[in-house]
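A note on names: the letters A, B, ... follow the listed sequences, proteins ahead of strands, and every chain is numbered from 1. Nothing here was measured: the structure is a model prediction, and the numbers come from that model.
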Amino acid sequence: MLDINLIRKEPDAVRQMLAARGNDPLPVDEILALDVQRRDILTRSEQLRATRNAVSKEIGRMKDEAEREAKKAEMRQVGEEIGTLEAELNKIEAQLLNLTAALPNTLDARTPIGPDEDHNVILRVEEGVVPALTFPAKPHWEIGEGLGIIDFERGVKLSGSRFYVLNGWGARLQRGLIAWMLNLRMEQGYEERYLPFMVKEQTLFAAAQLPKFRDNLYHDAEEDYWMVPTAEVPLTNLHGDEILSGDDLPRRYTAYTPCFRREKMSAGKDVRGIKRGHQFDKVEMYAFVKPEDSDAMLEQMREDAEATLKGLGLTYRVKQLCSGDIGFGSRITYDLEVYSPGVDEWLEVSSVSNVGDFQARRANIKFRREKGGKAELVHTLNGSGLGMPRTMIAVLENFQQQDGSVVVPEVLRGFVGTDVIRKK
RNA sequence: GGAAAGGUGGCCGAGUGGUUUAAGGCGGCGGUCUUGAAAACCGUUGUGGCGCCUUGCGUCACCGUGAGUUCGAAUCUCACCCUUUCCGCCA
């Protein structure tokens with residue numbers, strides 16, 4: 001959520017940001033008008049409340065019955081007026097919240113301006129150590145079915161399209177990736193958390209997933225339980241409504257969770273293979289920092305994510321997202337894309353973002369620089385480290401052998417329990 | 001799912017309709033005293049909104065959440081949430 005003071009003081013900057021993101025800047029005018037109305041009504045109703053508070057105290061002390069009744073009648077009138085004003089105020093505040101909650105975050109000055117994903121900037125390509133294939137690359141669905149480690153048919157039987165079952169070494173490869181990544185994160189200074197995979201609506205709002213992305217979320221029809229679309233959601237709220245000590249910052253966390261997404265917006269896209277499912281596993285990185293430290297932490301987290309791909313020996317590129325493609329809550333985002341020869345694509349396996357105080361304001365996460373000091377909003381950052389299915393695709397397709405087997409990357413062998421995955 | 005008890009400030013805890021401000025204690029901060037510290041004593045103390053003559057002052061709101069009764073609600077009514085204990089069910 002943006003600071004209402006920012007919208008008041010620099011409406012043009014907010015309009016420019018909205019235009020750069022390809023959004024309609026019109027809500028800014030609506031917000032400003034409602035804000036004026038809100039303050040006007042608030043002032044009036046508070047004056048009436050002050051009167052009522054004072055007179056009510058007098059009534060308590062009055063002895064004269066007639067005078068007492070007269071004052072009561074008078075205050076009954078005032079009470080009704082307050083009621084009317086408050087009803088109006090509630091309506092305006094609800095409208096205001098609707099509009100401001102739908103505004104995306106301001107952009108970092110370094111985020112390039114551009115209308116769509118074609119204007120993202122590739123910063124560099126990092127060559128991996130895995131040698132290029134000397135034979136035609138097979139896509140992972142062929143490799144997986146050949147080895148009997150990915151079962152698409154039974155996934156569909158159980159749950160419908162976009163679901164699959166991992167068998168034997170396939171399941172172990174993924175489990176190995178998760179365990180290895182979590183350990184790596186711990187070595188990098190992140191604390192591990194095991195989190196709820198279902199959260200309440202308020203938790204999603206505070207992480208800026210609601211109201212905007214309602215269509216992409218699964219939830220219980222009767223109770224207030226929502227499946228997490230990413231571990232970022234519970235991690236954000238870990239310190240919701242808390243005031244942290246400045247000495248405790250930065251705080252960095254890592255967590256493994258499944259992620260659940262309806263992928264309504266992506267209907268028809270990436271239906272083949274395991275690239276885009278309704279359920280996928282991910283190891284997430286998250287940081288709470290002082291505002292002045294968030295720029296440096298962004299670079300640190302990008303490096304931490306890159307270390308994962310370097311560890312696997314894969315070729316990847318670092319992309320900076322432009323204003324038209326960057327996420328709703330992000331000020332600046334790096335995507336890491338790994339090259340996979342079977343699908344012949346650069347696959348997005350990580351997205352590292354500085355969110356500034358956008359989530360902290362919604363989730364009410366503050367810190368004090370010193371005891372007795374003023375509580376200030378923290379900055380938060382998130383990054384995938386990494387998404388499993390796409391990392392699996394890259395491993396299967398990059399390490400495939402001509403005979404259909406797949407060599408297990410060295411760093412994973414202790415976790416997976418074999419050097420090569422062969423057909424049974 | 002059923003029953004009972006409970007939810008008050010950073011923490012403990014008093015508070016069954018109105019007495020200037022939620023008593024008192026602990027903790028924190030500042031001070032007095034002291035060579036220094038402790039003790040003792042004195043003062044101070046949360047969050048958010050709005051306004052203003054903006055080091056501050058005024059005002060409103062906040063006692064689990066939301067509605068209601070009342071001139072006036074931490075206090076009374078209703079619904080919900082959470083915690084603890086017991087019963088039932090259960091990986």
Side-chain angles (χ1 to χ4, degrees), chain A residues 1-9 31-101 194-206 210 219-226 234 237-249 251 258 357-378:
Chain A
M1 192 111 77
L2 294 182
D3 187 356
I4 183 73
N5 286 305
L6 176 78
I7 306 174
R8 259 181 224 155
K9 281 182 203 147
I31 288 168
L32 290 173
L34 284 169
D35 182 50
V36 170
Q37 276 186 61
R38 173 180 164 268
R39 281 184 286 169
D40 174 55
I41 293 172
L42 194 63
T43 308
R44 282 193 281 153
S45 83
E46 284 190 359
Q47 277 166 358
L48 291 175
R49 271 178 186 273
T51 307
R52 186 175 68 178
N53 286 347
V55 174
S56 288
K57 263 174 208 157
E58 278 176 45
I59 291 173
R61 287 191 294 258
M62 277 179 182
K63 295 282 180 281
D64 186 310
E65 197 57 31
E67 201 183 338
R68 198 181 165 102
E69 288 308 314
K71 283 287 183 196
K72 275 197 199 179
E74 208 180 298
M75 285 308 104
R76 207 170 296 142
Q77 278 293 320
V78 170
E80 270 166 41
E81 262 183 83
I82 293 172
T84 310
L85 287 173
E86 270 243 312
E88 215 175 317
L89 189 63
N90 286 342
K91 222 173 82 187
I92 287 171
E93 283 184 340
Q95 285 172 15
L96 212 44
L97 181 67
N98 262 337
L99 290 171
T100 49
Y194 171 82
L195 303 160
F197 302 159
M198 293 193 287
V199 296
K200 51 189 178 182
E201 190 171 1
Q202 174 57 32
T203 302
L204 282 153
F205 177 84
L210 282 174
H219 68 101
D220 188 290
E222 289 168 11
E223 292 189 83
D224 187 16
Y225 290 126
W226 299 65
N237 286 275
L238 217 49
H239 292 300
D241 288 318
E242 287 183 29
I243 298 173
L244 302 167
S245 150
D247 303 336
D248 286 348
L249 297 177
R251 295 198 77 121
D357 61 14
F358 194 72
Q359 287 174 326
R361 185 169 292 106
R362 289 189 182 216
N364 190 25
I365 310 165
K366 298 187 172 178
F367 78 104
R368 274 189 235 281
R369 292 178 188 276
E370 55 210 49
K371 272 181 187 169
K374 202 174 150 48
E376 303 171 53
L377 292 171
V378 300

Show every side chain to side chain donor-acceptor pair (under 3.5 Å) that has at least one partner inside residues 237-248 of chain A, sequence neighbours left out. His239(A)-Glu242(A), His239(A)-Tyr253(A), Asp241(A)-Asn364(A)
What residue pairs, at least two apart or across chains, pass side chain to side chain donor-acceptor pair (under 3.5 Å) with a residue in residues 90-100 of chain A?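 The answer is Arg38(A)-Glu93(A).
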May I have the distance from [X] (atom [atom1]) to [N] (atom [atom2]), rounded to whole angstrom?
X	N	atom1	atom2	answer
Asp224(A)	C82(B)	CG	P	10 Å
Leu48(A)	C71(B)	CG	P	16 Å
Gln202(A)	G64(B)	CD	C1'	15 Å
Glu242(A)	G9(B)	CD	C1'	17 Å
Glu201(A)	C80(B)	CD	C1'	15 Å
Glu222(A)	C80(B)	CD	P	16 Å
Glu80(A)	U69(B)	CD	P	11 Å

In whole angstrom, give me the gap between the [atom1] atoms of [N] and [M].
N	M	atom1	value
U20(B)	U77(B)	P	28 Å
G28(B)	G10(B)	C1'	9 Å
C57(B)	U70(B)	P	38 Å
C63(B)	G68(B)	P	16 Å
U19(B)	G13(B)	C1'	23 Å
A22(B)	A74(B)	C1'	8 Å
U21(B)	G46(B)	C1'	15 Å
U35(B)	G43(B)	P	25 Å

Please report, to 0.1 Å, the donor-acceptor pairs under 3.5 Å made by any side chain of residues 40-48 of chain A, with sequence neighbours excluded.
| unit_1 | atom_1 | unit_2 | atom_2 | d |
| --- | --- | --- | --- | --- |
| Asp40(A) | OD2 | Arg44(A) | NH2 | 3.3 |
| Thr43(A) | OG1 | Arg39(A) | O | 2.7 |
| Ser45(A) | OG | Leu42(A) | O | 3.4 |

Without placing hydrogens or testing angles, list every side-chain donor-acceptor pair under 3.5 Å for residues 67-76 of chain A, not counting sequence neighbours.
| unit_1 | atom_1 | unit_2 | atom_2 | d |
| --- | --- | --- | --- | --- |
| Arg68(A) | NH1 | Ile59(A) | O | 3.2 |
| Arg68(A) | NH1 | Met62(A) | O | 2.9 |

Pairs under 3.5 angstrom, nitrogen or oxygen only, protein versus nucleotides 76-79 of chain B, please.
none

Considering residues at least two apart in sequence or located in another chain, which fulfil the ring-ring contact (aromatic ring centres under 6.0 Å, His included) criterion with Phe367(A)?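 So Phe367(A) forms no ring-ring contact (aromatic ring centres under 6.0 Å, His included) with any residue.
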Can you sort out the partners of Tyr225(A) under ring-ring contact (aromatic ring centres under 6.0 Å, His included), two or more places apart, ordered by chain and number?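 Tyr225(A) satisfies ring-ring contact (aromatic ring centres under 6.0 Å, His included) with no residue once adjacent residues are dropped.
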Are any of the side-chain heavy atoms of Ile4(A) and Ile31(A) separated by less than 4.5 Å?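 Yes, their side chains come closer than 4.5 Å.
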Could you check if a side-chain atom of Asp3(A) sits within less than 4.5 angstrom of a side-chain atom of Asp357(A), using non-hydrogen atoms only?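 Not touching, per the 4.5 Å side-chain cut-off.
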Mark up nucleotides 47-62 of chain B, 5' to 3', with B wherever a protein heavy atom is under 4.0 angstrom from a base atom, S wherever such an atom reaches only the sugar-phosphate, and - elsewhere. SSBSS-------SBS-
Base paired to [N] (Watson-Crick or G-U; both N/O distances under 3.5 angstrom):
N	value
C71(B)	G18(B)
C86(B)	G2(B)
C80(B)	G64(B)
G36(B)	none
G30(B)	C42(B)
G24(B)	C12(B)
G58(B)	C50(B)

Distance in Å, Gln359(A) CD paired with Met1(A) CE, rounded so as to fall on 0.5 Å steps: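 Here the interatomic distance stands at 12.0 Å.
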Taking the side chain from Arg369(A) and the backbone from Glu376(A), do they hold a donor-acceptor pair closer than 3.5 Å? no
Could you tell me which residues satisfy side-chain hydrogen bond (donor to acceptor under 3.5 Å, both in side chains) with Glu86(A), sequence neighbours excluded, listed by chain and number?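 Testing Glu86(A) for side-chain hydrogen bond (donor to acceptor under 3.5 Å, both in side chains), a comparison that skips the adjacent residues, returns Arg49(A).
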State which residues pass side-chain hydrogen bond (donor to acceptor under 3.5 Å, both in side chains) with Gln202(A); sequence neighbours excluded, sorted by chain then number.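 With sequence neighbours excluded, Gln202(A) shows a side-chain hydrogen bond (donor to acceptor under 3.5 Å, both in side chains) to no residue whatsoever.
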Listed pairs, N/O of protein and of nucleotides 16-19 of chain B, under 3.5 Å:
| unit_1 | atom_1 | unit_2 | atom_2 | d |
| --- | --- | --- | --- | --- |
| G18(B) | N2 | Ser56(A) | O | 2.4 |

Of all residues at least two apart in sequence or in a different chain, which pass the side chain to side chain contact (heavy atoms under 4.5 Å, CB included) check with Glu222(A)? Asp220(A)
